[in-house]
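Notes to accompany the following structure.
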Amino acid sequence: MYNRVQTPVVNGNKECSSLGITGDQATLMEIKDLSVSFTMYINGLRQYRFQMIDEINLTIRKGEVVAVIGGSGSGKSLLASAILGILPQNASMTGTIDYKGEALTHTKTARMRGKNLVLIPQSITSLDPLMKTGKQVGTRESKNTKENMRQIFSKLRLPLKTETKYPFQLSGGMARRVLMATAMAAKGDVVIADEPTPGLDEETLKEIIDHIRKFANDGRGVMFITHDIDSALQIADRIAVFYNGTIVEIAQSKDFSGKGENLRHPYTRALWNALPQNDFTPVDVEQQYSQEAHICANDRTEIDKIHSRPGSDFKLEACNIGFRYRKGPWILKDVDISVLPGEVVGLFGPSGLGKTTLARILAGYEKPTEGSVQLGNRSPLPRGYSPVQLVWQHPEKAVNPRWRLERTLREGWSPDDHILADLRIDKAWLKRWPNELSSGQLQRICLARALGSDTRYLIADEMTSMLDAVTQAQIWNVILKIASKRHIGILAISHDKHLLKRVSHRIIDFSACGQGPSQ
């Protein structure tokens with residue numbers, strides 16, 4: 001499908017001899033024995049060093065895409081920060097990063113950042129909330145005209161008036177496309193795409209990864225940091241697998257097939273087999289695959305049990321929902337949706353159709369312009385702790401940046417150690433600030449916060465899009481067990497059809513939003 005540079009098969013953290021490409025001119029960037037550690041404090045007094053990245057070796061060549069995959073918090077985004085010279089003040093780095101054969105110093109990196117070295121950030125909070133999106137793309141390149149910016153927006157299928165809007169007026173998928181536009185407007189040799197695809201619908205996702213591949217085809221070198229193994233397999237020349245702060249394997253796309261027999265490291269095989277379209281097996285790598293749990297909620301018998309279960313009349317129901325801002329165009333019109341206790345309903349549809357807006361209305365964050373939301377026979381939702389909890393798509397926007405995470409977690413209730421362990425939450429995280437965790441780690445904190453004892457319904461808006469395949473399978477396994485035990489109804493909003501087929505009793509297609517969703 002794509003023209004790729006011939007590259008070597010690599011095992012472990014040291015590269016083997018190359019095949020076809022030799023010479024310094026072919027290598028844009030070479031990372032040698034890179035390690036990153038942090039100065040941390042216990043109880044504000046006792047100092048210690050926390051090693052996050054350990055002796056990474058990796059090269060990025062002209063015309064190739066190097067995908068970096070791995071678990072949340074394994075150090076992938078930290079690697080991007082190290083390359084760009086934007087590590088936190090309490091971080092220290094050893095090893096070298098060479099650009100076209102010359103070692104990068106802090107001064108050189110600062111001068112090249114945004115010019116030779118281009119970043120597509122992971123978080124949509126990277127957009128300036130006080131600046132219209134058109135200006136943010138235009139400031140990347142001084143020679144960039146409005147016409148060029150509009151051409152870029154058109155290529156990304158962004159509506160005509162996107163340039164006049166502020167970030168908060170965009171859907172999550174639209175905001176990610178604006179971040180992509182900033183890289184397309186720049187002319188750097190090395191592009192670092194840090195999780196550019198979570199929360200995108202299938203069509204937009206394909207267009208984004210096509211543009212990332214085009215960067216390489218135009219002669220740039222691309223580091224594609226992602227949890228999405230399928231996307232990586234479509235465009236990557238080599239795939240580097242991160243685990244516990246180091247690269248455990250560098251494989252080729254063809255190695256990801258069958259049950260992963262050609263993959264060398266157990267963690268790589270676990271990632272592959274944990275995909276929803278494969279086994280969706282939540283394996284604990286540390287226990288060498290001692291646990292086998294296959295998740296499948298889509299069973300007619302189970303649906304019948306839910307409808308006959310006592311208390312099934314205490315359903316969450318939205319009737320004739322319409323929503324718009326002031327006198328603007330209708331975002332939602334005549335939408336009807338219901339979820340029963342213990343039922344998992346999947347909601348699927350393209351970006352920008354109002355799925356997140358509907359989630360906000362169901363959880364009580366927005367009032368509908370038309371129609372009503374009822375929980376049982378009650379409307380509106382009761383005050384205090386809401387029985388309908390929303391797990392937001394972007395966790396960094398759902399927490400107070402000035403609160404330590406222990407205070408955030410215990411804002412509504414105090415989860416026990418069992419839930420924290422099931423959600424793979426390290427207690428040490430609770431002493432940190434939100435910006436000290438990865439998005440995947442932060443999302444697990446938000447999920448634990450939402451599972452209070454009074455929660456009756458969970459609205460999961462792209463809840464696991466920030467997580468690697470193994471963690472995603474583990475988290476959904478836990479959530480479905482809790483929901484079944486406590487009869488919690490779940491509305492799972494996702495662009496991942498394979499995931500929704502695995503976890504849902506029924507799936508609603510939201511693409512016909514104007515006439516109401518259809519099952």
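Worth saying up front: this structure is predicted, and the values here are computed from it rather than measured.
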Answer with yes or no whether the side chains of Glu163 and Thr133 bring together a donor and an acceptor at under 3.5 Å. no

When you look at Gln441 and Asp426, which way does the side chain to side chain donor-acceptor pair (under 3.5 Å) test go after all the steps? CA-CA 9 Å; Gln441 292 170 334; Asp426 189 331; over 6 Å; no

Sequence neighbours left out, cut at 3.5 Å: what donor-acceptor pairs do the side chains of residues 85-93 make with other protein atoms?
| residue | atom | partner | partner atom | Å |
| --- | --- | --- | --- | --- |
| Asn90 | ND2 | Thr39 | O | 3.2 |
| Ser92 | OG | Ser37 | OG | 3.0 |
| Ser92 | OG | Arg49 | NH2 | 2.3 |

Exam field: side chain Lys355 to backbone Gly349, donor-acceptor pair closer than 3.5 Å: yes

Tested for side chain to side chain donor-acceptor pair (under 3.5 Å) against Asn217, the lone hit among Arg213, Lys214, Arg220 is Arg213

Nearest 0.5 Å please: distance from the CD atom of Glu462 over to the OG1 atom of Thr356. 8.0 Å

Would you call Glu406-Lys431 a salt bridge at under 4.0 Å N-O? yes

Tell me if a side-chain donor or acceptor on Arg46 pairs with a main-chain N or O of Tyr41 at a distance below 3.5 Å. no

Measure across Gly75 and Ile53 and return the closest heavy-atom pair with its distance rounded to 0.1 Å. O-CD1, 3.5 Å

Just how far is it from atom CG of Asn400 to atom CG of Leu405, taken to the nearest 0.5 Å? 10.5 Å

Is any side-chain heavy atom of Met463 closer than 4.5 Å to a side-chain heavy atom of Leu447? yes

Check the angle between the aromatic planes of Tyr243 and His265 and answer parallel, tilted or perpendicular using the 30° and 60° thresholds. tilted

On the six-membered ring of Phe50, is Arg432 placed so that its NZ or CZ lies under 6.0 angstrom from the centre and within 45° of the ring axis? yes

Please confirm whether Tyr267 and Trp272 have ring centers closer than 6.0 angstrom. no

